[in-house]
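Only a predicted model underlies this, so the values are computations on that prediction, with no experimental measurement involved. In what follows, every heavy atom counts, from backbone to side chain, and hydrogens, waters and symmetry copies are set aside. Positions are given from 1, in the same order as the sequence printed here.
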Amino acid sequence: MPKTIFTDANLIVIGALKDERLRAGIKQAELAKKIGKDQSWVSLVEGSQRRVDVVEFIQIAKALGADPIDLLRQIIDQME
């Protein structure tokens with residue numbers, strides 16, 4: 001079984017977060033500052049080299065001005 005960072009499901013999660021960041025017009029460095037991380041952390045996440053946990057997902061969504069529940073629904077819909 002592949003590690004979850006390499007699954008199609010994880011790519012959907014990462015894609016949704018990245019798309020939301022781009023839609024918000026926020027650079028990786030700006031997002032990183034908002035969530036108390038550095039830009040390389042955001043880059044690793046978007047490059048599917050690091051997983052995000054539920055708490056991080058919520059922080060990222062809120063920092064992007066998105067509703068975490070709506071974003072999660074969108075991800076679930078894409079997975080089905």
Side-chain angles (χ1 to χ4, degrees):
M1 177 182 241
K3 291 191 176 191
T4 57
I5 61 172
F6 302 117
T7 63
D8 290 341
N10 190 63
L11 293 176
I12 292 169
V13 172
I14 298 309
L17 289 171
K18 184 176 179 179
D19 288 348
E20 195 63 39
R21 180 180 64 76
L22 294 173
R23 217 178 345 271
I26 295 175
K27 295 182 179 187
Q28 286 184 348
E30 187 180 348
L31 172 59
K33 186 175 180 180
K34 287 182 174 199
I35 61 173
K37 306 280 187 184
D38 56 35
Q39 180 273 328
S40 64
W41 185 90
V42 176
S43 179
L44 287 171
V45 168
E46 290 187 0
S48 195
Q49 299 301 307
R50 188 191 183 290
R51 266 182 257 159
V52 292
D53 64 28
V54 173
V55 174
E56 292 166 334
F57 178 87
I58 292 167
Q59 290 172 333
I60 293 168
K62 287 182 176 182
L64 296 173
D67 181 318
I69 295 170
D70 290 342
L71 190 54
L72 185 57
R73 274 193 197 107
Q74 176 186 11
I75 291 166
I76 292 168
D77 288 347
Q78 288 180 28
M79 287 182 181
E80 292 179 340

Legend entry - Ile75 versus Val13, closest heavy-atom pair with distance: CG2-CG2, 3.8 Å
Legend entry - Crowding at NZ, Lys33 (>12 non-hydrogen neighbours, <6.0 Å): no
Inset, instruction - Determine the sole option in Leu22, Leu71, Ile12 for which the side-chain contact (heavy atoms from CB on, under 4.5 Å) test with Leu17 is passed. - result: Leu71
Legend entry - Atom of Ile26, atom of Leu31 and distance for their closest heavy-atom approach: CG2-N, 3.6 Å
Inset, instruction - Without swapping roles, check the side chain of Glu56 against the backbone of Asp53 for a donor-acceptor pair under 3.5 Å. - result: yes
Legend entry - Carboxylate-amine/guanidinium proximity below 4.0 Å for Arg23 and Glu20: yes
Inset, instruction - With rounding to the nearest 0.5 Å, note down the distance linking CD in Glu30 to CZ in Arg21. - result: 10.0 Å
Legend entry - Contact check, side chains of Trp41 and Val52, non-hydrogen atoms, under 4.5 Å: yes
Legend entry - Distance, nearest 0.5 Å, that separates CD of Gln78 from CG of Leu11: 11.5 Å
Inset, instruction - Calculate, to the nearest 0.5 Å, the distance between atoms OG and CD belonging to Ser40 and Gln49 respectively. - result: 12.5 Å
Legend entry - CG-CD distance between Leu44 and Gln28, expressed to the nearest 0.5 angstrom: 9.5 Å
Legend entry - Residues that Asp70 engages under salt bridge (charged side-chain N to carboxylate O under 4.0 Å, His left out), provided they are two or more places apart: Arg73
Legend entry - Ala24 to Leu64 - nearest heavy-atom pair and separation: CB-O, 3.8 Å
Inset, instruction - Given side chain to side chain contact (heavy atoms under 4.5 Å, CB included), test Ile35 with Lys62 step by step and report yes or no. - result: CA-CA 9 Å; Ile35 61 173; Lys62 287 182 176 182; over 6 Å; no
Legend entry - Val55-Ile14 co-clustered via ILVMFWY side chain contacts under 4.5 Å: no
